[in-house]
Amino acid sequence: MKLNKLVISPTEASAVSWTVDIALNGEIIHARVPLNLPINNAEGDEIVWYLERYPQSPFDADRAIKCIRLLERYSDALFEQLGLATIGPRIKLAETPGCQAETLTVEIFQNLIDGVGPSIHQIYWELLEDERLWLGMVGAVVVRRKFTSYRISKHLEDTASLSHRNKLVAWGPLATSQKPPSFNVLLVVARNLDPDNPEVDPILGLARLSTLFREMKQSSGCRFSLEVVRPGTYAAFRKHLQLSTERHGQGYFHLVHFDMHGAVVSQPTRSSTSEEANPRVVAGLLFASKTHGGKLDFVPARRIAKLVQQHGIRLIVSNGCRSASTHVHDVEANLATVMLEEGITNVLAMQTEFMSGAAKLFIIQFYRSFLQHGVSFSRAVRDAREHLQRNPIRSARFGLEVPLQDWIVPVAYLTDVDLEIAPPKVHQSIPPPLSERAVEPDSEFDGPDLVGRDCDALRIERDLTESQVLILYGQGGVGKTALLRQMVDVWRATSFVEQVFYVDFAQSPTPVTMHRFVDRINGNEGPETGIVQKMGDAVLGWWNKEKPKPPRNITGEVAQLIRRCHDHSTIFVLDSLDAALSSLPQFSRLGSLAEETRQGLYRFIENLINFKPAKGQKKPLLVLIGRGDDAWWNSRFQQVPARFINLKPLDLPSAVILGTRILEQAGVDTNSWDVGEKNSLHQIVNLFGRLPLVLEVMLPNARNMSLDEFYRNTHLHMIPETDIMWKHKPSTLGSDRILHDLFRRLNCASFQMRSVLRSLALFWLEGPAVIGILAAWHELDPGMPGVIGKDFGSIINIFRDVGGLELNVDTQCITEVHPLMTILLRSMLRSYLPFETRLKDDQLLKAYRIMVDRTQNQLAMLNCTGKYDFALIFRIQKRSLANMVAVMQDCANQGASLKTEDWPRDGLAYFFSTSRFAFRDSVPDHLYLLSHLEPTLKQYVTTFGGPKQSLATKDLPFALQISNHLAIMYLAEFQALEQASRHVDFSIELIRASEREHTPMSIPAKIHAKQIAFRLKASICLFQHDFDDAQAYWDKQSDLEIVSLGVAQSVGGQQDGSNALGQNWIEGVANLGLSDSAGRVQVGDVIKEVSTKYLPALAQIRQSAWSHMVKAIKEGDSSTLEGEIRPYARVFMEQAFGLSTPAMNRVLDVSKETSYDVGYLLEDHDYSSVDQLTQELETGLDRADAGCVVRAEHKLLCQALEQGNWPGAQIHIRLLLRHLPALPAVSPQLRIALPLLEESLKFEQGRGVEGDSLTMLIDVVKTLMANEEVAVLANLDKTLQ
C-alpha cells in the first residue's frame, strides 16, 4: 500500500483566519494559502446546537435541516479554500492491478507555543472525510490532528530508542507462565449514583468492551484483558495503576479508557509575578465522588496526564463530553492537547457533547478495528466515524428518532506516532491446573445485559469497596441472584480481585453441609444438575463398593481457607442466606440447613466480618444476599458493620423494556403495537409488581393472544390446574425455588388455614387487613375466626420467611402478596383433598368483597390516626387498583343476586376519593379505572333503581359518588367536556328521579355527594356561558353546604365542637366495628378539627372566589381567571397547613411523591413558552397521559405553523395521530383532518407560506383542537379541589 499523506500546517494565525502550507507526500504543493473559518460565530453556535441539543429539541426539524446544509456548505468551502480538487493527479495509486484509488491521510499539524491553544483545530477538519468531496479521487480519507511543542519533542526524544515506538506490543507473561501474551485495557467508570437522578448507560464502555473481548479471544491466540477501576474515584485509579506497576512493571496497560463525564471549568491560578489569582479555563474529567453520596469529583486533565505517563501508558480513550473542546484558545482547556504535552502519544476525545447511543456504535467499531483488525489508531477512529456516518439515526426526546451527523464529534490527536498493535505469535491455549482455577478462573463474560440494573451494579461495587461488607436484600424475584451472578462474572473477567467465591445455598436440591460448602469454594464440587445425578452417583458408589473416606477435619479446613484469603484479594458472595439462616427446620424449604451446619456458617461469616488483617494481609470482601431487611440481618449478627442495599423492583420504563424483550423472544411482533397494546403492557408489568422473575415466568403465555386479553385473563382468571395457559414451566431457578417453598408450606398448613389462604387468592400485590379476614370468615364460618386468631400469626410468619406474604405488625395489614403466591393460590382453588371443605365460588367472592371493604375502612382510620400518611395511602391505592377493579366487576356481574348492602360501598368510596391523587402520575391507571367505573355505575343504577332509575335514599349517595368521580376525572384530568357534562347531567337526573319517589337525603355526610353534583353542574354551565343556570346550581350547593357545616362555619366562622357533618362522620366511624377503641377516639378528634377548620376554610375561599371566576369567564381571559384564583389558593394552603392533625402533616411532601403539586397555584408559569410546553409534553409522555400530550402537541403545532416550521409541524401531527386513539373521545372529523393537514404540509415545505395561506392553516388547527376551550378548561380543575 502506497502512503499518501497530506499535511496542512499554519504559518500565520489569527482568531478566525490562517495562512497554511499544504504538502503532499513531503512536497509542498500549495504555499501560504489563506484560510478563513468557513462560518461566522452565529453559524458555529448553530452547529453546536445541532450536535448537542437537537435530540433534546426534535421538533426543530427545520432548524436541523438548515444545520445539515450549513455543514455541507462548511465542507465545500473548506475543500475549495485548500484547493484540494487539484491534487487528484498527484495521488500515488496502489500497485495492485485493478485498484484505482488509495487511502489519503490528512494531517492537521500545529506547533503549540507558550501555552496558546490549538486555534486551527476549531475547524471541523473531519468533514474532509466526506466521500462526496473527492469524487473517487481517493478510496478513503483519514483525518488526524497532530501537535508538536518543546515538551512534546522532549518526550519523543526520551522514547526514540524504543524498538517498537510505533507499536503496542502484547504484554508477555513470566517465562514460567503458560498463558499467551495479552493486550491490557483499563476502564475507569464514574457516574452520578443518585437514585433520584439516574444516569443513562452508566456502564456503557464495560458492556461493549467485554462483549468484544470475548469475541476476539475466541478468534485470536492473544488474550485481551479488561480491568475496571472500582470505585471510579481518582484515588482508586491512582492506586490501581500503582499496584499494576508493582506487580507487572511499567507499561502493563496499553490503553486507559475513561468512561465518564468531561468538563471545562474556570479555576483560579497564580502567576509567578503576581499574587492575585487569575481565572483560567481548565479541562478535566469527573471522577466518582470522594465521599459517599457526594458530587462527582473534577480532576484537571494535566494531573491525570502526569499520572498516566508515569506508568508508561501511551494511549488514552475518553468519551467524556467536550474533552477535545477548541472553543477556548488555551492548552489547558483541551484535554487531548494536555495529554500529548505530558507524553501520551495518542488520544481519542470528543469535540462536543456526545450521545450515549452514538457512543455505543462508535466504541465497539473503534476497538474492533484497532484491536481485532490491527489498523492504526487514527484509521480505527476513522472507521468508527464512518460507521456513525452510515448509521445516523439517534434516539431523541419524546420517544422520537432523528438523523444526526455527529460522526464529526470524535477526533484523533497524536504526536509523531500513530500506534497500532503488533500481533503476537499464536500460542496454544493450555487450561490452567485445577489448583489454580479458584485463584484465576478462566471466565467468559457476555457483558451486562440486565435491564435497569446498571446503576445498581455500580452502587454495589462502590459500597462494597467502601464498607468491605455489603448486604443486598429485596423481595423474592426482584433479581438479586441474577444480578450478583452477572457481577461475579464481571469481577472475574475484569480482575476486580484475585479470587471470587460464589455459593448459592438454595441452588442444590440436596442439603448443604459445611463439608460441601468448603468443597464448593475450593472448586472440588462441580455444578449441581439435580437430585437424579446425586442418586446416580450414590448407586454407582455402592456398586463399586468404594471404601469409606477418612473423616475430615472441617474446622481445620475452614481455618485454612480463611488463612488462604489473607494472602489474596478475595470476594465471598453468599447467596440465599435467608434460606440458609432460616429458623425453619431443615428440608422445610430449599437451602435450609441443619442446626449444626447453620452454626458453622454463622461462625464462618462472623470470622470474615471480624477479621483484623495484620500488616501485609488482606481483608476479604463479603457480600451477603437474602430477602430479610436490615433488622433481620442485625438480629442474626448483632449489628453487622455493613452497607445495606435494598434492591427494588424495576422502574416502569425498565420493566416495559424487559417485558417487550421477553415477548419478542417468545415470537411476538412488538413493532405492530398501538397505544392500547403499550398501555396494556404497562398494566401487566404493574400487576406483576415489576419483578423480573415474574415477568420471565408469565409473559411468554401472551404470545398467542392480545395483551389486553392476556391482562384480563390473568387479572380475573381462577386459574384451574387443567388450563393450558398456566402450564408454562418456569424457566429460572428462582421461580422453581419460590414456587417450591410456597407449595410446600401450603401443604404443611392445617386444613382450616389452607382454606383461609385460598380466600386470599384474588388479591394482587396488596393484601387485606387482618380485621377484614376475620370479618369475612365470621360471615362464612362463625367458628373460624377463633382458629385464625390462634394460628394466623405463625402461618403468616412462615410465608413471610419464604417470601410469599408480608404483614405489617403495627397496622395488622398484609402489605405484600407476591405475584407468584397469587398465581399458586389461584391454581389451588380447584385442587382439594378428598376430606377438605371446598370453598365455593360465591363464598370466595363474598369473602373478597368483605375483605376489600374492611381493608379500605382500616386504611381510612390509619390515615386519620397518623399511622399511615398520605404518601403511604397513595402507594397502597396504586397497588390496590387491580383488587378494586376486580371487586367492582364481581359486583356488576352478580347483578340482582346481591343486595345493596353486599356491595363494599364505603371501601369503594374511600378508594375513589384517594385514587385521583394516587394515580396523578399514571394516566393509564386513571383510564383503566374509568373504563370499569362506567359499567359498574350503569349496573348499580339498573339493578337497584329499576326502569325509572329511582334509587332509595340510602342507595343514592354511592351512585352519585361514582358519577361525580367520573365527571371530575373526565373534566380535570382529560379535558373531555362532553363526557363530563354527560355524567353531571346523569347525576342531576338521578337526584330528581330518586327524590320524586323517595325521601330526600338529610344526613350531612350523604348530602355531600349531592352538593358535589350541583357544584360540578355550576362549573360546567359557567364554562358554557350559561350564567343563569350556573348561579342557580351554585346557590343550591351553597344551601347544602350550610346544612352540613352550619351557617357560621360555612361562611368562615369558628365554633367549638363538631357540626352536623362532623357528628355524622363520628357516628359512621363507630359503626365500622373497628376493634381499636383508642383509635376511634383519635379519629373523632381528627374529624372535629377537619369539620370545624379545614372544610369551613375551604368553603369560605370557594364562595369568595366564585364571583371572580364568573367575571373572568365572562371576560374570556384565562390568565385573569388564574390570577384571581391564586390569592384564594394561598389563603387556603395556609389554612390547611395550619392544622395540627396527623392527617395534614405531610401534604407538601406527598405532593412531591405523588407528582401532584398542591402548591402549583402559588407559582407563576409562562404556559406559552416553548420550554414550558415541551416540559409539559415530556411529563405527559412519562405518565402515558394522552390528554396532556395532545394538549401540549396542539399548542406546539400552532407555534410551528406560525413560525413556518413545516418539518416540525409534521412531527407534531404524527405524535397527535399516535396519541389521539388513547383519549376517551375524539371526533371523527379530527381523525380525518389531521392526516390531510400533514399531506398538505408536505407540499408546503417546498415554498414559503405566508399571508392568507398561513392564517388558514393555523385556523384549521385551532378549530379542530378547540384552542380557546382547552385554555379555559385546563384551569377549571382548580375550582374542583
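As the structure is a prediction and not an experimental result, all values here were calculated from the model. Numbers here simply count residues along the sequence, with the first being 1.
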So do the side chains of [X] and [Y] get within less than 4.5 Å of each other, counting heavy atoms only?
| X | Y | answer |
| --- | --- | --- |
| L960 | I1012 | no |
| C891 | T936 | no |
| L933 | F912 | yes |
| C813 | L807 | no |
| I773 | L760 | yes |
| L805 | I814 | yes |
| L687 | Q683 | no |
| P1000 | T953 | no |

Under 3.5 Å side-chain donor-acceptor pair for [X] and [Y]:
| X | Y | result |
| --- | --- | --- |
| S915 | Q877 | no |
| R905 | Y940 | yes |
| Q858 | T855 | no |
| T815 | N808 | no |

Is [X] salt-bridged to [Y], cutoff N-O under 4.0 Å?
| X | Y | value |
| --- | --- | --- |
| R992 | E997 | no |
| D1029 | K1017 | no |
| R849 | D890 | yes |

Ignoring hydrogens and geometry, is there a side-chain-to-backbone donor-acceptor pair from [X] to [Y] under 3.5 Å?
| X | Y | answer |
| --- | --- | --- |
| Y848 | N883 | yes |
| R826 | A761 | yes |
| N893 | Q889 | yes |
| S994 | L990 | yes |
| W764 | H715 | yes |

Kindly compute the distance separating [atom1] ([X]) from [atom2] ([Y]), expressed to the nearest 0.5 Å.
| X | Y | atom1 | atom2 | value |
| --- | --- | --- | --- | --- |
| S987 | R982 | OG | CZ | 11.0 Å |
| L930 | Y970 | CG | OH | 5.0 Å |
| L762 | T822 | CG | OG1 | 9.0 Å |
| L839 | L780 | CG | CG | 7.0 Å |
| K954 | T900 | NZ | OG1 | 3.0 Å |
| H1008 | E1041 | NE2 | CD | 9.0 Å |

Derivation of the side chain to side chain contact (heavy atoms under 4.5 Å, CB included) call for L908 and F958: CA-CA 9 Å; L908 287 173; F958 181 65; 3.7 Å; yes
So, for [X] and [Y], which heavy atoms are closest and what is the spacing to 0.1 Å?
| X | Y | answer |
| --- | --- | --- |
| I988 | A1013 | CD1-O, 4.2 Å |
| R854 | G772 | CB-CA, 3.6 Å |
| G907 | D853 | N-OD1, 2.7 Å |
| L956 | I991 | CD2-CA, 4.4 Å |
| V887 | P904 | CG2-CG, 3.9 Å |
| N964 | A1009 | ND2-O, 2.8 Å |

Could you list the donor-acceptor pairs under 3.5 angstrom formed by side chains in residues 942-952, with sequence neighbours left out?
{"from": "T942", "atom 1": "OG1", "to": "K938", "atom 2": "O", "distance (Å)": "2.7"}
{"from": "T943", "atom 1": "OG1", "to": "Q939", "atom 2": "O", "distance (Å)": "2.7"}
{"from": "T943", "atom 1": "OG1", "to": "Q939", "atom 2": "NE2", "distance (Å)": "2.8"}
{"from": "S950", "atom 1": "OG", "to": "A993", "atom 2": "O", "distance (Å)": "3.3"}
{"from": "S950", "atom 1": "OG", "to": "H998", "atom 2": "NE2", "distance (Å)": "3.4"}

Residue pair T714, I684: steps toward the side chain to side chain contact (heavy atoms under 4.5 Å, CB included) verdict: CA-CA 9 Å; T714 306; I684 291 169; over 6 Å; no
Criterion side chain to side chain contact (heavy atoms under 4.5 Å, CB included) on S981 and Q1024, from CA distance to verdict: CA-CA 10 Å; S981 180; Q1024 295 172 334; 4.2 Å; yes
Near-ring test F688/Y711, centroid separation under 6.0 angstrom: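 Ring-ring flag for Y711/F688: false, centres at least 6.0 Å apart.
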Pair L825-F763, side chain to side chain contact (heavy atoms under 4.5 Å, CB included): steps then yes or no: CA-CA 10 Å; L825 289 175; F763 284 93; over 6 Å; no
NZ or CZ of K1036 within 45° of Y1033 ring axis and under 6.0 Å: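 Output yes; distance and angle both within limits.
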